[in-house]
Colleague: 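Sharing a structure here in structure tokens format.
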Amino acid sequence: MKPTVSKIIDPTLIVIAGPTGSGKTDLGVALARRFGAPVLSTDSRQVYRGMKIGSAQPSDEQLAAVPHYFIADREVTERFTCADFESEALALLDRLFAEHKYVVAVGGSGLYIDALCNGLDELPDADMELRGELTERLSREGLGTLAGQLRELDPAYWETVDRQNPARVVRALEVCLQTGKPFSSFRTGGKTERPFRIIKIGVTMDRAELYARIDRRVDAMMDAGLEAEARALYLFRALPSLQTVGYREMFAYFDGEYGLERAVELIKRNSRRYAKRQLTWFGRDVEIRWFHPSDVDAAAAHIVAQG
RNA sequence: GGUGCCAUAGCUCAGUUGGUAGAGCAACGGACUGAAAAUCCGUGUGUCCCUAGUUCGAUUCUUGGUGGCACCA
């Protein structure tokens with residue numbers, strides 16, 4: 001993506017990251033208003049329409065107060081990957097920075113944030129037909145056979161990959177078979193320079209407080225009608241977009257696997273586990289400066305202090 | 001008030017013929033490049049209620065407490 005010359009000096013992307021339920025949305029909107037910035041969502045599930053409650057999209061008031069991008073503008077039936085996100089978000093930023101010094105990126109999808117800030121390697125897009133075949137082979141022949149083939153085609157990657165993770169093995173094999181070249185030959189691990197500055201802000205708090213907030217938010221989702229929202233999406237339950245905490249448990253409840261009370265419990269537990277995975281991901285990013293969600297002033301001061 | 005049963009991990013419990021203990025769930029730590037709210041890997045975190053005995057050694061046996069449950073009054 002070629003940056004266009006913009007009139008704005010020192011365009012700056014304010015990245016707000018953090019675990020689910022930590023209050024990123026509220027903080028992001030608060031900062032966006034202070035800095036006159038639009039909001040770009042870095043959330044892999046809030047992009048979809050029809051998932052307002054379960055993915056905790058911003059409220060109507062928030063959407064009205066500040067322009068938002070990548071919120072509810074895809075159908076759940078559309079394929080939207082981290083690579084799609086990277087290229088579309090960069091194109092969008094190019095336009096936004098023509099008029100704004102600041103853009104606030106808010107969301108909890110670590111891979112999306114990395115794609116936006118550092119860039120993904122140039123890899124071929126997934127060939128869904130080939131993936132289907134490999135998934136079929138996975139269930140027929142087992143992971144070991146696929147890992148063995150990966151060892152043949154890409155010994156270097158085989159050395160380092162988590163060979164017990166079907167998603168990793170299948171994806172690597174997929175690229176090898178598709179391109180005739182080892183998967184690792186595409187992986188540079190390098191960062192792509194972006195034509196804007198990046199300030200990273202993390203939102204977090206005590207684990208106990210976070211978990212209490214998550215539990216409360218799940219109850220609020222139920223009150224807001226998560227069950228009906230999930231029912232409306234039941235037909236699409238097999239799609240990647242619906243492999244999402246909150247919906248999966250509801251679908252299982254609809255299928256009679258357990259009762260509603262159990263479903264709610266599982267949504268809370270799985271949200272906590274998701275939050276933990278996010279904390280692990282963001283924890284290794286030393287560029288992130290962490291704040292409590294109530295500390296809007298401190299976060300704003302940090303941004304100002306960066307120039 | 002009396003009798004009986006129970007007390008072990010965050011929870012529900014198992015167990016140790018006396019050598020400081022283990023399951024399930026919960027929890028905790030980590031990985032992560034076009035599926036990423038996905039996918040995968042790893043980890044028992046414990047005054048075995050308190051007290052005084054017996055014993056080389058007590059979470060286990062005995063005494064006395066404390067708390068809980070049940071039944072009888």
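All values below come from the heavy atoms of this structure, side chains included, with hydrogens, waters and symmetry mates left out. For clarity, every value in this text was computed on a predicted model and none was experimentally measured. Here is how names work: the chains are called A, B, and so on, in the same order as the sequence lines, proteins then strands, and each is numbered from 1.
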Colleague: Describe, in one word, how the ring planes of A:F291 and A:H302 are oriented to each other, choosing from parallel (under 30°), tilted (30 to 60°) and perpendicular (over 60°).
Modeller: tilted
Colleague: Less than 4.5 Å apart, side chain to side chain, heavy atoms only: is that true for A:P293 and A:R213?
Modeller: yes
Colleague: Nearest 0.5 Å, please: how far is CG in A:L31 from CD1 in A:I199?
Modeller: 10.5 Å
Colleague: Across the strands shown, which category fits A:R131 at heavy-atom distances under 4.0 angstrom: base, sugar-phosphate, nothing?
Modeller: base
Colleague: Scan every strand shown for a Watson-Crick or G-U wobble partner of B:C5, both distances under 3.5 Å, and answer none if you come up empty.
Modeller: B:G68
Colleague: Classify A:T244 by what it touches in the nucleic acid, base, sugar-phosphate, or nothing, heavy-atom distance under 4.0 Å.
Modeller: base
Colleague: Under a 3.5 Å limit for both distances, which nucleotide forms a Watson-Crick or G-U wobble pair with B:A27, could you say?
Modeller: B:U43
Colleague: Counting the atoms with a prime plus P, OP1 and OP2 as sugar-phosphate, which does A:G189 contact under 4.0 Å by heavy atoms, base, sugar-phosphate, or nothing?
Modeller: base
Colleague: When all nucleic acid strands are considered with a 4.0 Å heavy-atom cut-off, which category describes A:R79: base, sugar-phosphate, or nothing?
Modeller: sugar-phosphate
Colleague: Need to verify one output field. Residue with the more 5' nearest nucleotide on RNA chain B, A:G119 or A:M221?
Modeller: A:G119
Colleague: What nucleic acid atoms does A:G54 come within less than 4.0 Å of, heavy atoms only: base, sugar-phosphate, or nothing?
Modeller: base
Colleague: Would you kindly check if the NZ (Lys) or CZ (Arg) of A:R237 is within the cone defined by 45 degrees around the ring axis of A:Y234 and under 6.0 Å from the six-membered ring centre?
Modeller: yes
Colleague: With heavy atoms under 4.0 Å as the rule, sort A:F186 into base, sugar-phosphate or nothing.
Modeller: nothing
Colleague: Can you find a donor-acceptor pair, distance only, under 3.5 Å between A:R45 side chain and B:A36 base?
Modeller: no
Colleague: I want to verify a distance call: between B:G34, B:C28, B:G30, whose nearest atom is closest to the A:L123 side chain?
Modeller: B:G34
Colleague: Categorize A:R163 for me: base, sugar-phosphate, or nothing, with a 4.0 angstrom heavy-atom threshold over every strand shown.
Modeller: nothing
Colleague: Under 4.0 Å between any heavy atoms, over every strand shown, what does A:Y48 touch: base, sugar-phosphate, or nothing? Just pick one.
Modeller: nothing
Colleague: Which is true for A:S55 with a 4.0 Å heavy-atom rule: it touches a base, it touches only sugar-phosphate, or it touches nothing?
Modeller: base
Colleague: Could you tell me whether A:D43 contacts a base, only the sugar-phosphate backbone, or nothing, with contacts defined as non-hydrogen atoms closer than 4.0 Å?
Modeller: base
Colleague: Cut-off 3.5 Å, side chains only: do A:R289 and A:Q306 have a donor facing an acceptor?
Modeller: no
Colleague: Using the rule that Ile, Leu, Val, Met, Phe, Trp and Tyr join whenever any side-chain heavy atoms are under 4.5 Å apart, tell me whether A:M51 and A:Y274 fall into a single cluster.
Modeller: no
Colleague: Out of B:G34, B:A27, B:C41, which has the shortest distance to the side chain of A:Y211?
Modeller: B:A27
Colleague: Looking only at the side chain of A:P166 (C-beta and beyond, no hydrogens), which of the listed nucleotides B:U33, B:U39, B:A31 gets closest?
Modeller: B:U39
Colleague: With rounding to the closest Å, how many angstrom separate the C1' atoms on B:G44 and B:G22?
Modeller: 9 Å
Colleague: If the C1' atom of B:G65 is compared with that of B:G53, how far apart are they to the nearest Å?
Modeller: 14 Å
Colleague: Among the candidates B:A27, B:U39, B:A35, find the nucleotide nearest to the side-chain atoms of A:R272.
Modeller: B:A27
Colleague: Which listed nucleotide (B:A31, B:U33, B:G29) is nearest to the side chain of A:K276?
Modeller: B:G29
Colleague: Please determine if a side-chain N or O atom of A:R277 lies less than 4.0 Å away from the OP1 or OP2 oxygen of B:C41.
Modeller: no
Colleague: Hey, which sits more toward the 5' end of RNA chain B by its nearest nucleotide, A:Y157 or A:V245?
Modeller: A:Y157
Colleague: If the glycosidic angle is within 90 degrees of 0 it's syn, otherwise anti, so just tell me which one B:G34 is.
Modeller: syn
Colleague: Tell me what A:R168 touches on the nucleic acid: a base, only sugar-phosphate, or nothing, going by heavy atoms under 4.0 Å.
Modeller: base
Colleague: When rounded to the nearest 0.5 angstrom, what is the spacing between CD in A:E249 and CG in A:L266?
Modeller: 6.0 Å
Colleague: Between B:G29, B:A35, B:U39, which one does the side chain of A:A126 approach most closely?
Modeller: B:A35
Colleague: In whole Å, what separates the P atom of B:A7 from that of B:U16?
Modeller: 13 Å
Colleague: Nearest to the side chain of A:W281 - B:A36, B:A35, B:G30?
Modeller: B:A36
Colleague: Does the structure show a Watson-Crick or G-U wobble partner for B:U16, both distances under 3.5 Å? Name it, or say none.
Modeller: none
